[in-house]
Amino acid sequence: MSSETPRAGDLLVRVGAVVFLVGTVATLATVAPLFLGADPLPPAAYFVCMLMGAGFLIAGAGVLRSIAEQRRQARAAVDPAA
């Protein structure tokens, strides 16, 4: 466990990573029957695959939030009157 304090956006990045991994597993599960010659999964499984993109966007939002917070801190350090 790290002793570093969590920053703005860290939670979004972690949640985005988990959502992305769930989407990745779903994608592998839906593609596997195509290679194995089995019956394809129901359409709901293909919708779960879209979590990959959603997780990527959530993590990206967390990175952007972290960048914005660091820029605010840098501006405050340079101009303490603001």
Side-chain angles (χ1 to χ4, degrees):
M1 195 91 194
S2 174
S3 62
E4 188 176 322
T5 59
R7 297 183 186 155
D10 283 352
L11 182 62
L12 281 174
V13 171
R14 289 180 183 180
V15 168
V18 170
V19 171
F20 183 85
L21 288 174
V22 169
T24 303
V25 170
T27 300
L28 292 173
T30 55
V31 171
L34 301 174
F35 291 114
L36 300 174
D39 292 333
L41 295 175
Y46 291 94
F47 289 117
V48 176
C49 294
M50 293 182 196
L51 289 177
M52 280 181 73
F56 187 76
L57 289 174
I58 293 169
V63 169
L64 291 176
R65 183 173 178 192
S66 177
I67 290 170
E69 180 63 28
Q70 288 177 7
R71 290 183 78 190
R72 274 192 291 269
Q73 289 175 355
R75 276 195 214 122
V78 171
D79 188 17

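All values below come from the heavy atoms of this structure, side chains included, with hydrogens, waters and symmetry mates left out. In this chain, residues are counted from 1 in sequence order.
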Contacts of V63 that satisfy side chain to side chain contact (heavy atoms under 4.5 Å, CB included) - sequence neighbours left out: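 For V63 the side chain to side chain contact (heavy atoms under 4.5 Å, CB included) partners, ignoring immediate neighbours, are V13, I67.
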
Pairwise side-chain contact, V15 with V19, heavy-atom cut-off 4.5 Å (strictly under):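 Yes. Closest side-chain heavy atoms under 4.5 Å.
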
Inter- and intrachain pairs under salt bridge (Lys or Arg N to Asp or Glu O under 4.0 Å), touching residues 43-69, at least two apart: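 Pairs touching residues 43-69 that pass the test: E69-R72.
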
Closest non-hydrogen atom pair, F20 against F56: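 Reported closest heavy-atom pair: CD1-N, 4.2 Å.
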
Identify each donor-acceptor pair in which a side-chain atom of residues 28-51 lies under 3.5 Å from a protein atom, sequence neighbours left out, and give them as a table.
unit_1, atom_1, unit_2, atom_2, d
T30, OG1, A26, O, 3.1
T30, OG1, T27, O, 2.9

Value rounded to 0.5 Å, distance of CG in L57 from CG in L12: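 Going from CG on L57 over to CG on L12, the span is 12.0 Å.
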
